[in-house]
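It should be emphasised that the depicted structure is a prediction, and the values quoted were computed from it without experimental measurement. Order of the sequence lines fixes the chain letters, A, B, ..., with proteins taken first and strands second; residue numbering starts at 1 for each chain.
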Amino acid sequence: MSEKERSLNFLEHIIEEDIREGFPKENLRFRFPPEPNGYLHIGHASSICLNFGLGLDYKAPVNLRFDDTNPEKEEQEYVDAIKKDVEWLGYEWDKECYASDYFQQLYDWAVELIKKGKAYVDSQTSEEIAAQKGTPSKAGEESPYRNRSVEENLDLFERMRKGEFRSGEHVLRARIDMASSNMLMRDPIMYRILHRSHHRTGNDWPIYPMYDWTHGESDYIEQVSHSFCTLEFAMHRELYEWFLDNVYDDGRVKPKQREFARRNLSHTIVSKRKLLQLVKEGVVTGWDDPRMPTISGLRRRGYTAESIRNFADTVGIAKRENLVDVSLLEFCIREDLNKKAPRVMAVLDPVKVVITNYPEGQEEWLDAENNPEDENAGFRKVPFSREIYIEREDFREEANRKFFRLKLGGEVRLKNAYIIKAEDCVKDSEGNVTEIRCTYDALSKSGSGTEESMRKVKGTLHWVSVPHAIEAEVRIYDRLFTDAEPDGHKDKDFMEFINPDSLNITRGYVEPSLKEAGAGERYQFQRLGYFCVDKDSKTGKLVFNKTVGLRDTWAKIQDKN
RNA sequence: UGGCCUAUGGUGUAAUUGGUAACACAGCUGAUUUUGGUUCAGUCGUUCAAGGUUCGAGUCCUUGUAGGCCAACCA
């Protein structure tokens with residue numbers, strides 16, 4: 001990998017500074033620590049790219065660690081989906097870890113804390129504990145159980161572990177400072193009793209450790225050097241370090257937590273809870289619905305891993321609030337697909353064109369370039385005949401000079417084929433055009449080298465031969481929310497901004513080269529956009545997803561009028 | 001009546017740590033084009049405010065202002 005001149009983000013500055021101050025480069029180690037309680041979304045992609053990208057840059061290992069300490073929300077399905085997404089993004093983790101693998105070690109350390117008088121069993125209800133907690137501006141009060149003897153604490157904690165108590169009967173708390181200005185330091189809970197089966201440890205444990213007690217110690221066990229998380233954990237850092245100080249051995253790496261702002265994407269939400277709500281309420285068909293900002297949704301929509309990595313890289317990382325415009329994501333996928341996607345022709349809102357001077361029954365197979373941006377992409381054959389479909393919006397009976405498309409008496413180039421001229425059109429009783437009658441210039445065939453073929457006509461249209469056309473279902477997506485920041489309103493719920501027209505299913509015609517197109521393949525439908533074959537697709541019943549449209553300056557011109 | 005964090009074009013980030021405010025997207029003009037795509041050229045526009053230190057401040061200091069986070073047996 002060539003180390004190109006690039007400015008560093010603030011986290012990289014921190015790492016560089018640590019190295020400068022003597023931290024051994026070979027001890028650098030990172031981790032991506034998802035909780036398996038939902039699917040990964042575009043916001044996580046930033047974190048994945050950050051951590052694994054750092055691993056690549058510093059040639060340091062990166063662990064994939066599941067933060068699975070809450071069996072009430074976590075499931076194996078999510079573990080599998082997360083692994084698939086990280087792999088698909090193109091990253092390789094060093095070790096696959098689970099916080100649940102550290103339950104015994106965590107328990108042993110907790111016993112040590114009790115022995116040192118730094119933890120105690122509290123036997124109050126959660127309401128009582130909450131009431132004593134105080135407020136951000138008012139100190140809390142100490143629990144009546146705070147000064148239990150070490151022996152009693154040890155006995156109680158052991159019995160908690162053995163399952164002798166009901167859920168919620170006791171908790172283990174760290175003994176820190178009920179008057180701290182940091183609420184998290186007011187004797188935080190380390191363990192709760194929860195008789196609930198865990199997706200990996202089954203019924204082995206009736207007690208489960210809390211996030212704060214688990215996360216830093218897991219980093220320490222794995223000897224993670226830099227533990228990056230989102231801003232809302234900033235206040236947890238003090239506790240993270242307090243716990244670490246109580247188990248830390250000289251000579252081992254003491255992990256450093258630093259916080260960055262999560263990335264928000266306009267016109268969508270990046271909250272697992274809210275995404276789950278969309279799934280549960282049937283607003284979308286599932287976590288991988290192509291309208292979802294999940295990695296699996298984007299994948300199904302036709303996004304490439306490279307485009308997402310590039311997006312994450314372009315957005316960068318910092319500490320301030322942000323709302324990244326979706327247009328940047330769209331730019332990234334267009335940029336990538338422009339280089340990679342083969343061009344084909346498809347008509348999604350067809351109107352028939354009859355070329356009256358083209359012999360009935362005749363067909364020709366014309367050469368079409370697969371990708372003008374890729375010299376090695378080659379050519380394919382597309383069939384031409386007397387009757388073709390063009391896009392309904394590409395024809396007007398009359399139009400001004402700005403309309404480069406087909407109008408009565410006007411000429412256009414049919415891509416890869418001939419120049420045609422519209423002579424007449426047929427309409428139904430309601431005035432809708434049902435057929436356009438044209439003549440063609442037989443000498444104007446694309447690539448034939450004739451003088452006529454070199455003629456400049458302003459418009460070029462895509463088309464599909466009627467007798468050769470293959471019908472296909474095309475799913476056209478629009479943004480899921482009508483508001484740029486659906487969850488950014490205090491007085492309105494994000495569900496109020498759901499776009500009722502986010503999915504539009506239509507039937508169109510595609511050229512015959514697409515007959516055997518398989519799931520996941522990506523194409524540019526010329527002049528329309530990028531499309532990919534959905535997993536629902538079968539030969540004989542093709543289904544395409546619209547990934548993103550082409551940049552459309554014509555639409556902009558029309559918007560102005 | 002607290003603590004912590006943040007403030008740079010419309011958006012997202014950068015600025016060799018005190019030395020010409022830059023890059024990408026978006027917008028706008030034009031050129032090229034058998035995709036109104038791509039490409040190319042150009043253009044618009046920025047340091048939250050007020051003081052201070054300094055030859056020199058986006059960067060340091062002071063005081064404000066605005067926004068975010070913190071009172072789950074969630075992570």
Q: Just compare B:rU35, B:rG36, B:rU1 and give me whichever is closest to any side-chain atom of A:Ser137.
A: B:rU1
Q. What residues form a ring pair (Phe, Tyr, Trp, His ring centres under 6.0 Å) with A:Tyr120, not counting sequence neighbours?
A. none
Q. So what's the dot-bracket for RNA chain B: Watson-Crick or G-U pairs under 3.5 Å, [ ] if a pair crosses, | if it pairs off-strand?
A. .((((((..((((.....[..)))).(((((.......)))))....(((((..]....))))))))))).....
Q: Assess whether one donor atom and one acceptor atom, taken from the side chain of A:Arg405 and the base of B:rG36, lie less than 3.5 Å apart.
A: yes
Q) For A:Glu330, which contact category applies under a 4.0 Å heavy-atom criterion: base, sugar-phosphate, or nothing? A) nothing
Q | side chain to side chain contact (heavy atoms under 4.5 Å, CB included) partners of A:Ala368, counting only residues at least two apart | A | A:Arg380, A:Val382, A:Asn416
**Q.** Partner residues of A:Arg413 under the salt bridge (charged side-chain N to carboxylate O under 4.0 Å, His left out) criterion, sequence neighbours left out
**A.** none
Q) When all nucleic acid strands are considered with a 4.0 Å heavy-atom cut-off, which category describes A:Leu528: base, sugar-phosphate, or nothing? A) nothing
Q. From B:rU35, B:rG36, B:rG12, pick the nucleotide closest to the side chain of A:Phe403?
A. B:rG36
Q: Classify the nucleic acid contact of A:Ala234 as base, sugar-phosphate or nothing, counting any heavy atom under 4.0 Å across all strands shown.
A: nothing
Q.
In this structure, is the centre-to-centre distance between the rings of A:Trp463 and A:Tyr389 below 6.0 Å?
A. no
Q. Whole-Å distance between B:rG10 P and A:Leu323 CG?
A. 15 Å
**Q.** Same-atom distance (P) from B:rA75 to B:rC61, integer angstrom
**A.** 38 Å
(Q) Would you say A:Thr230 and A:Glu232 are linked by a side-chain donor-acceptor pair, where the criterion is simply a distance under 3.5 Å? (A) yes
Q.
Base contacts versus sugar-phosphate-only contacts with protein, heavy atoms under 4.0 Å: please encode nucleotides 69-75 of chain B as B, S and - from 5' to 3'.
A. -SB-BBB
**Q.** Listed partners of A:His195 passing ring pair (Phe, Tyr, Trp, His ring centres under 6.0 Å), at least two apart
**A.** none
Q.
Taking only side-chain N and O atoms of A:Lys319, does any of them lie within less than 4.0 angstrom of OP1 or OP2 on B:rU6?
A. yes
**Q.** Contact pattern, 5' to 3', of nucleotides 18-26 of chain B - B, S or - by protein heavy atom under 4.0 Å
**A.** ------SSS
**Q.** Whole angstrom value for the distance that separates C1' of B:rA15 from CD of A:Glu12
**A.** 15 Å
(Q) Measure CH2/A:Trp463 against P/B:rU34 and give the value in whole Å, please. (A) 18 Å
Q. Would you say the base of B:rU34 and the side-chain of A:Arg413 have a donor-acceptor pair closer than 3.5 Å?
A. yes
Q: Look at all strands and tell whether A:Gly459 reaches a base, only sugar-phosphate, or nothing, counting heavy atoms closer than 4.0 Å.
A: nothing
(Q) Quick check: any donor-acceptor pair below 3.5 Å linking the side-chain of A:Glu373 to the base of B:rG37? (A) yes
Q. So, does the side chain of A:Glu369 form a donor-acceptor pair with the base of B:rU34 at under 3.5 Å?
A. no
Q) Sequence neighbours excluded, which residues qualify as ring pair (Phe, Tyr, Trp, His ring centres under 6.0 Å) partners of A:Phe103? A) A:His198, A:Trp205, A:Tyr208
**Q.** Euclidean distance, atom NZ of residue A:Lys458 to atom C1' of B:rU35 [Å, nearest integer]
**A.** 13 Å
Q) With a non-hydrogen cut-off below 4.0 angstrom, is A:Lys456 in contact with a base, only sugar-phosphate, or nothing? A) sugar-phosphate
Q | For A:Asn376, side chain to side chain contact (heavy atoms under 4.5 Å, CB included) partners two or more places apart | A | A:Asp374
(Q) Please give the distance between the P atoms of B:rC23 and B:rU33 as a whole number of Å. (A) 29 Å
Q. To the nearest Å, how far apart are A:Leu406 CG and B:rU34 P?
A. 18 Å
Q) Quick one: salt bridge (charged side-chain N to carboxylate O under 4.0 Å, His left out) partners of A:Glu452, sequence neighbours excluded? A) none
**Q.** Close approaches to RNA chain B from residues 338-346 of chain A, in residue order (heavy atom, under 4.0 Å)
**A.** A:Asn338, A:Arg343
Q. Will you find, in the side chains of A:Tyr440 and A:Glu411, an N or O donor that is under 3.5 Å from an N or O acceptor?
A. no
Q. Picking from B:rG12, B:rG36, B:rG37, which would you name as closest to the side chain of A:Arg527?
A. B:rG36
Q. side-chain hydrogen bond (donor to acceptor under 3.5 Å, both in side chains) between A:Ser123 and A:Arg148: does it pass, once the steps are laid out?
A. CA-CA 11 Å; A:Ser123 307; A:Arg148 280 219 252 235; 2.3 Å; yes
Q | Side-chain heavy atoms of A:Thr547 within contact of A:Arg522, under 4.5 Å | A | no
Q: Decide whether A:Asp325 and A:Ser327 meet the rule of one side-chain donor and one side-chain acceptor closer than 3.5 Å.
A: yes
Q: With sequence neighbours left out, write down each residue that passes ring pair (Phe, Tyr, Trp, His ring centres under 6.0 Å) with A:Tyr530, or none if nothing qualifies.
A: none
(Q) Any donor-acceptor pair under 3.5 Å linking the side-chain atoms of A:Gln124 with those of A:Gln132? (A) yes
